[in-house]
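Beneath this line is the structure, given in structure tokens, with notes to follow.
Nothing here was measured: the structure is a model prediction, and the numbers come from that model. Atoms within a ligand are numbered from 1 in the order they appear, just like the ligands themselves.
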Amino acid sequence: MPSLALGDFELTGFSDGTYPLDGGAFFGVIPKVMWSRQVTADEKNYVWAGLNSLLIRTGKQTVLVETGMGNKLSERMVKFYGQPANLLSNLAAGGVSPEDIDIVVNSHLHFDHCGWNTVRDKNGKIVPTFPRAKYYAPEGEWQYARRPSERDAISYIPDNYDPLVQSGRMTLLKGGEEIVPGISVRTFPGHTAHMQGVVVQSGGRTACYISDLIPTTAHIEITWGMAFDLFPLQTIESKKQYYAKSIAENWLTVFTHDPKVPWAHVEKDELGKMVVKPA
Ligand SMILES: [Zn+2]
């Protein structure tokens with residue numbers, strides 16, 4: 001498990017596994033001759049995406065950002081994506097039990113970001129995976145998830161969040177809130193209208209779980225967005241806004257779908273090209 005200190009906080013990366021995505025969809029309008037220099041596709045044109053969660057130990061709370069794909073996919077979805085379901089065993093291997101988690105934050109509610117929010121108990125009832133945790137997710141995202149468009153309806157699985165909202169376990173966020181001292185959310189529209197990045201600050205240092213705004217180190221260029229983005233021009237605008245802060249203040253960027261690099265510094269070189277500098 002990759003781990004580092006950020007001021008007084010300890011950050012650890014935990015993976016739910018990897019899953020295949022169509023390379024064309026993953027890189028939107030970018031031609032394959034260009035993206036295939038960065039990642040290798042298999043004979044079906046699939047590339048492998050990671051499912052990275054971020055665990056933050058603040059000294060007072062243990063906070064889990066994102067909960068991967070989980071173990072409740074339908075048979076049809078398992079055919080497309082597999083269902084690696086490694087998060088709980090990886091947490092256990094790192095000495096973290098579900099009871100240890102105080103807070104869970106979802107950047108948005110697509111199935112590959114909030115899957116382990118809940119599990120089915122032995123009677124088939126949907127229950128929180130993390131029994132003591134308070135959950136947080138963007139309010140606009142939850143509103144949208146109730147009536148998604150035909151285009152992305154498949155991405156929303158209500159069992160991942162509706163039971164938590166109904167029972168009062170999930171707090172819905174407008175964007176801009178501080179969840180605990182040093183951990184706040186900020187809306188970055190583009191992938192969806194209400195997706196939020198999670199900003200972590202301690203000891204004068206900042207990390208940001210930027211989620212699907214910059215899903216991997218291969219997506220750092222401003223125009224390299226995913227075809228899944230509902231608002232591609234806003235993705236570009238949000239990336240510009242993010243980089244204006246993150247480069248100026250040397251933020252650590254956490255990558256939700258990079259199968260190899262959980263986090264890095266993203267900088268602009270003298271030719272204006274975006275480059276990744278290892279943390
Ligand atoms: Zn998404």
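Remark: Gln166 CD is packed, more than 12 non-hydrogen atoms of other residues, nucleotides or ligands lying under 6.0 Å away.
Checked for salt-bridge contact, Lys134 and Asp102 miss the test: no charged N lies under 4.0 Å from a carboxylate O.
Under the 3.5 Å distance criterion, with hydrogens and angles disregarded, a donor-acceptor pair is assigned to the side chains of Thr217 and Asp258.
Computed with the Zn ion (ligand 1) at the centre, the His108 NE2 to His191 NE2 angle is 100°, stated to 10 degrees.
At a threshold of 2.8 Å, the Zn ion (ligand 1) has no backbone or side-chain N, O or S atom of Asp112 nearer than that distance.
The six-membered or imidazole ring of His219 lies away from that of His257, with a centre-to-centre distance of 6.0 Å or more.
The Zn ion (ligand 1) sits nearest to atom OD2 when only the N, O or S atoms of Asp212 are considered. For the Zn ion (ligand 1), the nearest N, O or S atom contributed by His110 is named ND1.
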